[in-house]
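Below, each value reflects all heavy atoms present in this structure, side chains not excepted, and no hydrogens, waters or symmetry copies. In this chain, residues are counted from 1 in sequence order. Here the structure is a predicted model, which means the values were calculated and not measured. Just so you know, ligand 1 is whichever comes first in the structure, and atom 1 is the first atom listed for that ligand.
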Amino acid sequence: MHNKKIMVSGIQPSNNITLGNYLGAIKPFVDLQDKYKMFVFIADLHAITNEFNPIALSKNKRNIACLYSACGLDLKKAIVFNQSDICSHNDLSHILLCHTTIGELKRMTQFKSKALTKNSNNTSFIKTGLLTYPILMAADILLYDADIVIVGADQKQHLELARNLAIRMNNKYGKMFIAPQPFILKNASRIMDLANVKVKMSKSNKDQKGVIYLLDDKETITKKIMEAKTDSLNKIKYDKKNQPEISNLLEIYAALSARDVNSIVKKYENKNYKVFKEDLAKIVVEKLSVIQKKFKQISKDFDKKIEPILKKNAKYCTVIVQKKTKLVYKKIGLIK
Ligand code: TYM
């Protein structure tokens, strides 16, 4: 028996993992991997709720497994697996689906921002997977008795649904789930687009010049940071309301250098934005080049080293979740 608390989280496999994904999710996985028993998965079933290409999907699945490791997740400690290898995620998702209203799902900000456009509230042509996406997420979490879920701030509402579903099911049928707590960093949980601080840094942003990818080369990273939008005050201050752009850059700086924001503000007291950006670019380039170097190496060994771990972990997880699914089936009367 282990006595560590359990952490469950996943990331959609995409070729374009952003600095936001890293700072809001992967880095805290790595920082907390000794404290929690971690189930970290490749959310491939979530990835197909968007438009996708089968060849790219399977390549991206490999990439994210390698990136987890390249970013410092210890595959001997964290249990890394492919979501679609575990059939119970879908089984439980169906049961939870039958306990969730369409209203609850339509209220989700992410659904609204992805599905509804300024000119139309008509959802008839929206694929159902986009609507039911948070339920699959709840299943991912509840199957493993997660105590905490490390996510960026954009996933908070989905986590609330998972909690509500856990409590709802427990109240109706008797205790079967742990209600998970979201674990959202105070800083760096919502890294904003460098060119438009009103939107979060995301691969789906139309304009990509404010989005840094983990696999961007040195020149691209430097260019994106040097050209990051800033205000005309030219004063380095952490003030999210009045100086959101420089505050966003300060959060990135702080998270990557393991320093607190105030000490950085002090360091740049009489310096201008250009000097600050040059230093920040160096820090980001340095951090990402280490990750990229490891990524290249690990990718070569994927078949020999990573794939067998994913397979072994799938077997391990299957045993855990089948037990949970059986309990749920019993509680709701599907089996005796
Ligand atoms: P995904 O793949 O969109 O994002 C992965 C993680 O990165 C965080 N994140 C950010 N954090 C800070 N700043 C940003 N700009 C930023 N952009 C993204 C996200 O909050 C997330 O934590 N639905 C999830 C994947 C998932 C999941 C789960 C997570 C599926 N099942 C169960 C937790 C538990 C998603 O699409 O994340």
Side-chain angles (χ1 to χ4, degrees), residues 6-30 32 36 38-50 52 57 60-61 63-64 67-68 71 81-84 86 89-90 92-93 96 108-111 113-114 129-130 132-163 165-166 180-205 210-214 248-249 251-252 255-256 317 321:
I6 293 174
M7 187 320 279
V8 174
S9 195
I11 295 185
Q12 290 190 49
S14 135
N15 202 13
N16 300 324
I17 297 294
T18 70
L19 186 63
N21 295 135
Y22 175 70
L23 292 179
I26 306 180
K27 187 171 179 295
F29 298 163
V30 174
L32 294 169
Y36 295 96
M38 291 209 173
F39 292 89
V40 177
F41 60 91
I42 296 148
D44 51 359
L45 294 174
H46 279 100
I48 67 167
T49 61
N50 303 310
F52 70 98
L57 177 64
N60 293 339
K61 285 178 60 173
N63 278 354
I64 178 100
L67 266 178
Y68 279 147
C71 290
F81 63 98
N82 280 312
Q83 181 188 28
S84 64
I86 322 286
H89 288 236
N90 279 320
L92 182 60
S93 183
L96 296 177
M108 295 287 151
T109 335
Q110 196 176 74
F111 172 73
S113 70
K114 282 197 176 174
L130 202 57
T132 58
Y133 173 113
I135 302 185
L136 178 60
M137 226 178 121
D140 300 335
I141 297 165
L142 302 184
L143 273 175
Y144 296 87
D145 282 339
D147 297 292
I148 67 154
V149 182
I150 298 175
V151 279
D154 61 316
Q155 298 295 324
K156 188 163 180 252
Q157 207 184 14
H158 295 162
L159 257 283
E160 274 157 21
L161 179 71
R163 266 186 77 76
L165 281 170
Q181 293 285 353
F183 182 104
I184 299 172
L185 291 177
K186 211 161 120 251
N187 290 329
S189 69
R190 187 189 286 277
I191 298 297
M192 308 311 278
D193 188 298
L194 304 189
N196 175 11
V197 83
K198 290 201 176 71
V199 297
K200 76 164 188 180
M201 185 183 281
S202 160
K203 58 180 171 277
S204 47
N205 294 355
V211 183
I212 295 181
Y213 294 109
L214 290 194
N248 187 41
L249 297 180
E251 286 197 17
I252 297 174
L256 288 178
C317 292
V321 299

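- For the residue pair Thr18/Asn21, the side-chain donor-acceptor check at 3.5 Å is satisfied.
- Note: Met38 CE to Leu32 CG = 5.0 Å, rounded to the nearest 0.5 Å.
- If you look at Phe81 and Tyr144, their ring centroids are closer than 6.0 Å.
- Here the straight-line distance linking atom CD1 of Ile135 with atom OG of Ser93 works out to 6.0 Å at 0.5 Å rounding.
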Short N or O contacts of ligand 1 with protein, under 3.5 Å, listed by atom name?
residue  : atom   : partner : partner atom : Å
ligand 1 : 2 (O)  : Gln12   : N            : 2.9
ligand 1 : 4 (O)  : Asn21   : ND2          : 3.3
ligand 1 : 7 (O)  : Asn21   : ND2          : 3.1
ligand 1 : 11 (N) : Gly20   : O            : 3.1
ligand 1 : 13 (N) : Ile191  : N            : 2.9
ligand 1 : 15 (N) : Ile191  : O            : 2.8
ligand 1 : 15 (N) : Met201  : O            : 3.0
ligand 1 : 20 (O) : Gly152  : N            : 2.8
ligand 1 : 20 (O) : Asp154  : OD1          : 2.4
ligand 1 : 22 (O) : Gly152  : N            : 3.1
ligand 1 : 23 (N) : Tyr133  : OH           : 2.7
ligand 1 : 31 (N) : Asp140  : OD2          : 2.6
ligand 1 : 36 (O) : Gln12   : NE2          : 2.7
ligand 1 : 36 (O) : Tyr133  : OH           : 2.4

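- Going from atom CD1 of Ile17 over to atom CG of Asn63 covers 9.0 Å, rounded to the nearest 0.5 Å.
- Between the CD atom of Gln12 and the NZ atom of Lys203 there is a distance of 5.5 Å, given to the nearest 0.5 Å.
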